[in-house]
Amino acid sequence: MMPELFKDWKITTLTFEIDTEPYAMQRDDAIEKLAKSCNVNVIKRVSHTLYDTEKTISKNGGSPPLTYQRLQTVLKEMGAPPKPSNTLTSSHLSVHVCLDCTTPWKEEFDEKYGVPTLAELGKNEEDCGPLLFPGGEMEALSRMERYLKKTNWICKFEKPQTEPNSLEPSTTVLSPYIKFGCLSVRTFYYRLLDIYNLNKVYTKPPVSLHGQLLWREFFYTAGVGTANFNRMEGNPVCTQVPWDSNPEYLAAWSEARTGYPFIDAIMTQLRTEGWIHHLARHAVACFLTRGDLWLSWEEGQKVFEELLLDADWYLNAGNWLWLSASAFFHQYFRVYSPVAFGKKTDKNGDYIKKYVPKLRKFPAQYIYEPWKAPKSVQAAAGCIIGQDYPKPVVDHDTISKVNIKRMAAAYAKRKEGQDFSGKSASPQKRRKESTDSSSKKKPKKDD
DNA sequence: TATTGGTTGTGTAT
DNA sequence: ATACACAACCAATA
């Protein structure tokens, strides 16, 4: 099809943004070869990330920074990120294209090559769920501007202080727009910088809004430089953990019937609205993996990939590695409680009542642990636990302590393996491809 | 080799 | 509100 289009549309140059996701790299390589074979010139540029991730990696000596601080140090050496390109206008095109010409292809364009309608895809609007976050660049820019107007809010933004279970999002929800290229990360970065420059006092990375863009950069950079980034096996930065396989537990988690109202509310919001707060992702990710169910983070990654509007290959993999304490984050003894965590910002359980309406008549005292309510209270609430709403799938207090020990064992094994492979004849490749840089070889001490 | 810091833990004490 | 125990991780740095 491409060769025909090149010919029909008299294409001489193809331009696109570099996409470093493994699937996209393969696809774009194939497209580039095809274009060149048709004598079509190809121009590609980095603009999806603040910096060229490959350059960042080579600046760091050939391997990606594994800590945020290290990334910050490297980026400071690299200077400010490139400014966003100017908006494309018709003047850019007028040289090459006659916009009001009457060539036949223009009439046929929509019919032949236009975006298919929902009906043509055999869908209707109900299949799409509530349209809380309509797509497109106009929507993205107006959403961004709406938040940028709140300069005080921008300057005081601290991510860890935002709430996972507010009834309206406590963060900007610009992530789906950034993911789909409706909003340039560089545009957002420099619009924020303008505001910071006009104010003496403002929060800083990692907690600030700039900091959030740097977290994105962190996972992109780490992922580009790490083999098998979205898997445990063959991933050199990922602690190898003997996760269980338990389809019932996995289904209970993914279908919002773990019996823990906070977890089930989050999974319901994810399923129905396609977006949940970052800290809500923490709570359910910890629950699925090292905290409670002891299931592989790769299973959670698949569910998020399917349900999140902002699902982004690098960020999804990177954050699952983080939350499961498989990479980047290693304090596995810090476990989120499916009962306590949500209470900090929603004592009454209004969030739970919204997304798990069966529980809406429970008193606040029991809303996070309805199985502890006396039978009379359950009856009065019109919801018998074990009948109308599930009993907890596991006992968090017991299982989380067991799991901490299992994590400790996995880490101990990892350490052993490192000592062993340090002198192994086939050391693990940390990079996808080795960068040629002067490697100083220290004489090894013998034992 | 030892030390330091790590976006976002919890429960109990002051 | 803030401090500490819990049990003690890692990567980067000095």
Side-chain angles (χ1 to χ4, degrees), chain A residues 59-61 63-77 156-166 170-171 203-219 221-222 225-226 236-241 260 262-263 266 276-287 289-292 315 318-346 368-369 396-419 422 430 442 444-445 447:
Chain A
K59 189 88 186 170
N60 192 49
S63 66
L66 295 179
T67 66
Y68 190 89
Q69 286 198 345
R70 182 69 204 142
L71 179 77
Q72 278 188 292
T73 304
V74 176
L75 294 186
K76 268 178 194 145
E77 285 172 21
K156 285 187 168 160
F157 186 90
E158 291 183 48
K159 186 61 170 284
Q161 306 305 320
T162 59
E163 301 183 7
N165 48 5
S166 49
S170 61
T171 50
T203 55
K204 301 278 161 47
V207 298
S208 64
L209 281 163
H210 258 188
Q212 304 315 301
L213 298 180
L214 290 181
W215 278 110
R216 178 175 180 276
E217 197 77 11
F218 174 75
F219 288 124
T221 311
T226 304
V237 304
C238 180
T239 303
Q240 305 295 300
V241 179
Y260 283 94
F262 181 55
I263 301 298
I266 294 167
I276 51 178
H277 185 276
H278 185 63
L279 291 176
R281 303 181 197 198
H282 277 218
V284 297
C286 186
F287 188 89
T289 58
R290 65 188 169 87
D292 296 84
L315 304 189
N319 280 299
W320 276 102
L321 282 161
W322 184 290
L323 259 299
S324 63
S326 299
F328 312 120
F329 172 85
H330 308 280
Q331 290 155 294
Y332 54 77
F333 35 84
R334 291 186 183 175
V335 177
Y336 289 91
S337 161
V339 171
F341 187 64
K343 280 185 187 171
K344 286 196 291 189
T345 46
D346 180 23
Y368 283 86
E369 324 171 76
H396 171 76
D397 291 336
T398 312
I399 203 78
S400 61
K401 289 191 180 82
V402 173
N403 287 346
I404 287 173
K405 294 217 166 80
R406 294 163 103 177
M407 282 304 291
Y411 268 92
K413 203 167 175 184
R414 175 186 199 257
K415 216 170 186 177
E416 260 175 53
Q418 276 176 355
D419 291 345
R430 286 188 86 85
K442 274 188 179 174
K444 282 174 191 164
K445 63 163 187 166
D447 56 345

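Just so it is clear, the model here is predicted, and its values are computed rather than measured. Naming: A, B, ... by sequence-line order, numbering from 1 per chain.
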Exercise for the section: Using both distances under 3.5 Å as the test, list the Watson-Crick or G-U wobble partner of C/dA7, or none. Expected result: none

Problem - Student check: side-chain heavy atoms of A/N403 and A/R290 closer than 4.5 Å - result: no

Practice task
Mind calculating the distance between CG (A/L71) and C1' (C/dA11) to the nearest angstrom?
Solution key: 14 Å

Practice task
Measure from CZ on A/F218 to C1' on C/dA12 and round the result to the nearest Å.
Solution key: 12 Å

Practice task
Check the geometry between A/F333 and C/dC6 and answer yes if their rings are stacked (centres below 5.5 Å, planes below 30°), otherwise no.
Solution key: no

Handout entry: Nearest-Å distance once atom P is located in both C/dA3 and B/dG5
Key = 16 Å

Practice task
Classify the angle between the aromatic ring planes of A/H330 and A/Y411 as parallel (below 30°), tilted (30 to 60°) or perpendicular (above 60°).
Solution key: perpendicular

Practice task
Ignoring backbone atoms, establish whether A/R334 has a side-chain N or O less than 4.0 Å from OP1 or OP2 of B/dT7.
Solution key: no

Handout entry: Length of the OH-C1' vector between A/Y68 and C/dC10, whole Å
Key = 19 Å

Problem - Side chains of A/T171 and A/H278, donor plus acceptor under 3.5 Å - result: no

Completion exercise
So OH of A/Y332 and OG of A/S324: to nearest 0.5 Å the spacing works out to 14.0 Å

Problem - Phosphate OP1/OP2 of B/dT10 contacted by A/K344 side-chain N/O (<4.0 Å) - result: yes

Exercise for the section: Can you tell me, in whole Å, how much space there is between the P of C/dA7 and that of B/dG6? Expected result: 24 Å

Practice task
Kindly determine whether A/H396 and A/Y260 satisfy side-chain hydrogen bond (donor to acceptor under 3.5 Å, both in side chains), including the steps that lead there.
Solution key: CA-CA 10 Å; A/H396 171 76; A/Y260 283 94; 5.6 Å; no

Problem - Nearest-angstrom distance, P atom, C/dA8 to B/dT1 - result: 22 Å

Problem - Inter-nucleotide P distance (B/dG11, C/dC9), Å rounded - result: 23 Å

Exercise for the section: Round to the nearest Å and state the distance from A/F157 atom CZ to B/dT7 atom C1'. Expected result: 10 Å

Problem - Separation of atom NZ in A/K343 from atom C1' in B/dG9, rounded to whole Å - result: 15 Å

Exercise for the section: Could you check which of C/dA11, B/dT7, C/dC9 has an atom nearest any side-chain atom of A/Y411? Expected result: C/dC9

Exercise for the section: Go through B/dT10, B/dT7, C/dT13 for me and flag the one nearest to the A/F341 side chain. Expected result: B/dT10

Practice task
Please state how far atom CD1 in A/I404 lies from atom C1' in C/dC10, giving the value in whole angstrom units.
Solution key: 17 Å

Handout entry: Distance-minimising heavy-atom pair for A/P65 and A/A222
Key = O-CB, 4.3 Å

Handout entry: Distance test, side-chain N/O of A/Q69 to OP1/OP2 of B/dG6, below 4.0 Å
Key = yes

Handout entry: Nearest-neighbour nucleotide for the A/P160 side chain, C/dA12, B/dT10, B/dT8 considered
Key = B/dT8

Exercise for the section: Would you indicate which nucleotide in C/dT13, B/dT7, C/dC10 comes nearest to any side-chain atom of A/R70? Expected result: C/dT13

Handout entry: Gap between atoms NZ and P, on A/K405 and C/dC6 respectively (whole Å)
Key = 13 Å

Practice task
Write down the distance between CZ (A/F287) and P (B/dT8), rounded to a whole number of angstrom.
Solution key: 23 Å

Practice task
Check every strand shown and say whether A/V335 touches a base, only sugar-phosphate, or nothing at a heavy-atom separation below 4.0 Å.
Solution key: sugar-phosphate

Completion exercise
Considering only heavy side-chain atoms of A/T67, the closest of C/dC10, C/dA12, B/dT8 is C/dA12

